Amino acid sequence: MDMATGRELVEKVVSLCKRRGFIFPSSEIYGGLGGFWDYGPLGVELKRNLKDAWWRDMVTGHDDTTAPAGLPSPYAMVGLDTTIIMHPQVWKASGHYDLFHDLLVDCRAEGCKARFRADQLASSRCPLKPSKTPGEHDACDLTEPREFNLMFKTYIGALVDPESESYLRPETAQGIFVNFKNVLATARVRLPFGIAQIGKSFRNEITPRYFTFRSREFEQMEIEFFCRPEESDAWYTFWRDRRFAWYVALGLDSDRLRLRDHGSDELSHYSCGTADIEYAFPFLPRGEFGELEGIAHRGDFDLRSHMEGKLIRDDQGLAVELDDRGRPRHSGSGKDLSYFDEETQERFIPHVIEPSAGADRAALAFLCEAYTEDNIPDEKGVPQPRVVLRLHPRLAPVKAAVLPLIRKEGLPEAAQELYRQLKAQWNVAYDEKGSIGRRYRRQDESGTPLCVTVDRETLAAGTVTVRDRDSTTQIRVSTKELTSYLAERLGCY
RNA sequence: GCGGGUAUAGCUCAAUGGUAGAGCACCGGCCUUCCAAGCCGGUAACGCGGGUUCGAUUCCCGCUACCCGCUCCA
């Protein structure tokens, strides 16, 4: 696909999202707000289905009695729902505070426009005159150091003062780490086990862009998987492959999806392995992929940080960062977060594998992947263009539509009766407005997998037609068997 | 943060210094027995704030949002 059609596709997807009520700009009647997006009536169903599928597949549907193929043991999986605002020290110990707070200096000089870290001016080079540091060259026009804050700051309590400063979480993961002991003490889990969480996170992205891809408020689906250090590489590989397969199983199966292992130069200072699941979003430049999920082998970095304090890498590996007086720059909780294995009588700090997914990015990828234009023959056999969202039935906002063929002869009443029946199990729609072809197309644009049409034969013989979204083929099904037929076609969802 | 572009109805577009039309969509009606039919009627817009002007959707300035290219991307 070249750039032009990529952009066309984006415009069509964005337009469809607005037209059908998937995604709206936040606060739109006030002019919108950059980096924030709302989900409309169909969008909220899509996103909920996505999160439900993740939760079902990762947590409640997990079999913790069977070892995955090739792995040393079964594992347990539990969920958690922690707060968006946490103790400010969490972010200092985790490293986010330092990482997300830079004092930056911009050069306003024409032809320069460079940005420097205020604490590194002396070791930086002026782009216009590399023999000098920023500010030394005559043309330099530096701003005062300005705080560059990637975390949203807020105040706890009604009184605004520095003592009450806190932050909206930039990731959900820390809520899991700080509850590690609680889960261990109460959930009857032993290593290896995972803790899953879905929730909102907030980052002051420098450049919100690409529709919902880089938003300032977004939702994450994260797992922190705790295991014995010597088994961590095997579990890392397991999670990397399993998470990739999850997207494929839900329909992200084109060559736009890829799994990419990070090179050693890309790894964070604590990570011994990271892979990204990436999608070639149509709005990205040709050949570029955007991250849907990162699977990181984080070693014992996180639990150690919350025990000892903020860690940095030194010659021996990770060490607590010290201040001028030799004290921890940011102290940890001081609590013991190690694990005691009763069988082996060993005490150690578990290693962590972190599959961290963006729910909004996944929703967007599924929308882009599902958007299809094809041609359907009309009654004269002439191909007519159609827009269809080929969403996986589990993700589709509406599972089926019940349609009376005409608005007469008792067909609406019969269709409504059927609609009420199916409602008990699925999110189904009822529509009697317009011609039958028009209504099929409407459902196609919303991604509804099946349409159930009530006609005279329904009244006479107790059968309906079920029309397939992707192939547009129809078969007759007895109303008695309709529920089980739909269950089979929809995968019980 | 820098530069460029764009902003008119739900969507896609048009016209205009004298407050705006169309197609599609949507709603009501007629018709209609399976893939965007037709007919009648209807709802609905100049992103926000200033300025110039008798009068601004139109010209100018600022803001906001989106798009493109940089910068940034833990």
Side-chain angles (χ1 to χ4, degrees), chain A residues 3 7 10-12 14-21 24-37 40 91 94-102 104-117 127 143 146 148-151 170-171 173 201 203-211 213-214 268-271 283 285 290-291 294 296 356 375-388 403-409 411 432-445 451 453-459 464-469 471-474 476:
Chain A
M3 291 284 291
R7 277 188 207 133
V10 175
E11 281 166 21
K12 285 171 173 172
V14 172
S15 168
L16 176 78
C17 282
K18 180 74 189 294
R19 189 169 71 245
R20 286 295 172 193
F24 307 127
S26 166
S27 317
E28 193 182 9
I29 63 170
Y30 286 100
L33 189 61
F36 297 89
W37 298 88
W91 307 111
S94 71
H96 288 87
Y97 180 86
D98 289 343
L99 212 50
F100 282 23
H101 286 73
D102 287 328
L104 295 182
V105 171
D106 285 312
C107 181
R108 288 176 291 229
E110 202 56 43
C112 183
K113 306 291 185 191
R115 172 172 287 163
F116 311 94
R117 281 182 52 163
T143 63
R146 291 183 291 189
F148 204 75
N149 195 343
L150 265 56
M151 281 199 290
E171 63 171 36
S201 292
R203 296 179 192 177
N204 266 317
E205 295 288 351
I206 296 163
T207 312
R209 195 177 271 202
Y210 299 139
F211 201 26
F213 182 78
R214 186 164 291 140
S268 312
H269 57 288
Y270 48 78
S271 179
F283 44 73
E291 182 183 342
S356 171
N375 290 289
I376 300 299
D378 62 16
E379 70 264 45
K380 297 187 181 97
V382 181
Q384 299 293 339
R386 164 178 89 137
V387 171
V388 53
L403 317 169
L405 189 56
I406 55 167
R407 249 196 310 179
K408 280 187 182 177
E409 302 178 25
L411 297 189
E432 58 177 37
K433 306 284 172 59
S435 74
I436 190 68
R438 154 70 42 210
R439 282 177 278 163
Y440 286 151
R441 299 302 179 87
R442 237 181 244 144
Q443 296 300 329
D444 290 341
E445 269 201 349
C451 287
T453 304
V454 169
D455 57 15
R456 277 192 197 129
E457 277 190 63
T458 308
L459 305 183
V464 293
T465 63
V466 179
R467 178 252 194 196
D468 177 76
R469 176 195 66 198
S471 66
T472 74
T473 55
Q474 291 172 269
R476 286 210 84 88

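What you see is a predicted model, and the numbers here were worked out from it, not measured in a lab. Atom set for the values below is all heavy atoms of this structure, side chains included, hydrogens, waters and symmetry mates excluded. Just so we're on the same page: letters track the sequence lines, and every chain starts at 1.
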Checklist entry - Mind checking the P distance from B:G50 to B:A14? Whole angstroms is fine. => result 28 Å
Checklist entry - In chain order, what residues pass the side-chain hydrogen bond (donor to acceptor under 3.5 Å, both in side chains) check against A:E11, with sequence neighbours excluded? => result none
Next on the checklist: With rounding to the closest Å, how many angstrom separate the P atoms on B:G3 and B:C59?
Outcome noted: 22 Å
Tabulate atom names and distances for all N/O pairs under 3.5 angstrom spanning the protein and nucleotides 21-23 of chain B.
none

Checklist entry - In Å, rounded to the nearest 0.5 Å, how long is the span from CD of A:Q443 to CZ of A:R467? => result 9.0 Å
Next on the checklist: When the C1' atoms of B:G23 and B:C63 are compared, how many Å lie between them, rounded to an integer?
Outcome noted: 33 Å
Item to check | Any N/O donor-acceptor pair, A:R209 side-chain to B:G69 base, under 3.5 Å | outcome: yes
Checklist outcome for this item: A:Q474 CD to B:C35 C1', in whole Å, measures 8 Å
Next on the checklist: Rounded to whole Å, please give me the gap between CZ in A:R439 and P in B:U32.
Outcome noted: 14 Å
Checklist entry - Between the side-chain atoms of A:R467 and the base atoms of B:C35, is any donor-acceptor pair under 3.5 Å? => result yes
Item to check | Partners passing side-chain contact (heavy atoms from CB on, under 4.5 Å) against A:S356 (at least two apart in sequence or in another chain) | outcome: A:Q220, A:E222, A:E354
Next on the checklist: A side-chain contact here means heavy atoms from C-beta on lying under 4.5 Å apart; do A:T472 and A:R386 qualify?
Outcome noted: yes
Checklist entry - Taking the side chain of A:Y440 as heavy atoms from C-beta outward, which of B:C34, B:A36, B:G29 is closest to it? => result B:C34
Next on the checklist: Reading RNA chain B from 5' onward, which residue's closest nucleotide shows up sooner: A:P377 or A:G34?
Outcome noted: A:P377
Checklist entry - Taking atom P in both B:G49 and B:U8, what distance in whole Å separates the two? => result 16 Å
Checklist entry - Of all residues at least two apart in sequence or in a different chain, which pass the ring-ring contact (aromatic ring centres under 6.0 Å, His included) check with A:F211? => result A:W37
Item to check | Minimum heavy-atom distance between A:P208 and A:G35, given as atom pair plus value | outcome: CB-CA, 3.6 Å
Checklist entry - Can you find a donor-acceptor pair, distance only, under 3.5 Å between A:D455 side chain and B:C34 base? => result yes
Checklist entry - If we take the C1' atom in both B:U58 and B:C24, what is their distance in whole Å? => result 26 Å
Checklist entry - Counting any heavy atom closer than 4.0 Å, what does A:T472 reach on the DNA or RNA strands: base, sugar-phosphate only, or nothing? => result base
Item to check | Whole angstrom value for the distance that separates C1' of B:G28 from CZ of A:R407 | outcome: 9 Å
Next on the checklist: So if I take every side-chain heavy atom of A:Y210 and compare against B:C72, B:C11, B:G69, which nucleotide ends up nearest?
Outcome noted: B:G69
Checklist entry - Any donor-acceptor pair under 3.5 Å between the side chain of A:T465 and the base of B:C34? => result yes
Checklist entry - Between B:C26 and A:K433, is there an OP1 or OP2 to side-chain N/O distance shorter than 4.0 Å? => result no
Checklist entry - B:G1, B:U12, B:C66: which one has an atom nearest the side-chain heavy atoms of A:W37? => result B:C66
Measure all distances between protein nitrogen or oxygen atoms and nitrogen or oxygen atoms of nucleotides 45-50 of chain B, and list the pairs falling under 3.5 Å.
none

Checklist entry - Taking A:R439 for the side chain and A:G434 for the main chain, is one N or O donor matched with an acceptor at less than 3.5 Å? => result yes
Checklist entry - Out of B:C72, B:A36, B:C11, which nucleotide sits closest to the side chain of A:R441? => result B:A36
Checklist entry - The side chain of A:T207 lies closest to which of these nucleotides: B:C34, B:C35, B:U71? => result B:U71
Next on the checklist: At 4.0 Å (heavy atoms only), tell me whether A:G294 reaches a base, stays on the sugar-phosphate, or touches nothing.
Outcome noted: nothing
Checklist outcome for this item: Listed range with range, the stems formed with RNA chain B by at least 3 consecutive Watson-Crick or G-U pairs (under 3.5 Å) are B:1-7 with B:64-70, B:10-13 with B:21-24, B:26-30 with B:38-42, B:47-51 with B:59-63
Checklist entry - By salt bridge (Lys or Arg N to Asp or Glu O under 4.0 Å), which residues pair with A:R442, not counting sequence neighbours? => result A:D431
Item to check | Counterpart residues, side-chain contact (heavy atoms from CB on, under 4.5 Å), relative to A:R19 (two or more places apart) | outcome: A:S15, A:L16, A:E445
Checklist entry - Rounding to the closest angstrom, what is the interatomic distance between B:A25 and B:C40 at atom P? => result 15 Å
Item to check | Considering all heavy atoms, the nearest A:C451-A:Y440 contact | outcome: CB-CE2, 3.6 Å
Checklist entry - Can you tell if the side chain of A:I376 reaches within under 4.5 Å of the side chain of A:Q384, non-hydrogen atoms only? => result no
Item to check | With A:S435 via side-chain contact (heavy atoms from CB on, under 4.5 Å) - residues at least two apart | outcome: A:R438
Close N or O pairs between protein and nucleotides 37-43 of chain B (under 3.5 Å):
residue	atom	partner	partner atom	Å
B:A37	OP2	A:S435	OG	2.6

Next on the checklist: Work out how far the P atom of B:C46 is from that of B:A36, and round it to whole angstrom.
Outcome noted: 35 Å
Checklist entry - How far does OG1 of A:T458 sit from CZ of A:R476, to the nearest 0.5 angstrom? => result 5.5 Å
Item to check | By side-chain hydrogen bond (donor to acceptor under 3.5 Å, both in side chains) - contacts of A:E457 (at least two apart) | outcome: none
Item to check | For atom CD of A:E445 and atom C1' of B:A36, their distance in whole Å | outcome: 10 Å
Item to check | Under the ring-ring contact (aromatic ring centres under 6.0 Å, His included) test, residues paired with A:F36 that sit two or more places apart | outcome: none
Checklist entry - When the C1' atoms of B:A45 and B:A20 are considered, how many whole Å apart are they? => result 9 Å
Checklist entry - Just checking A:E409: base, sugar-phosphate only, or nothing, at a heavy-atom cut-off of under 4.0 Å? => result base
Item to check | Euclidean distance, A:I436 CD1 relative to A:T465 OG1, rounded to 0.5 Å | outcome: 7.0 Å
Next on the checklist: If you compare every side-chain N and O of A:K18 against the phosphate oxygens of B:G10 (OP1, OP2), does one of them come in below 4.0 Å?
Outcome noted: no
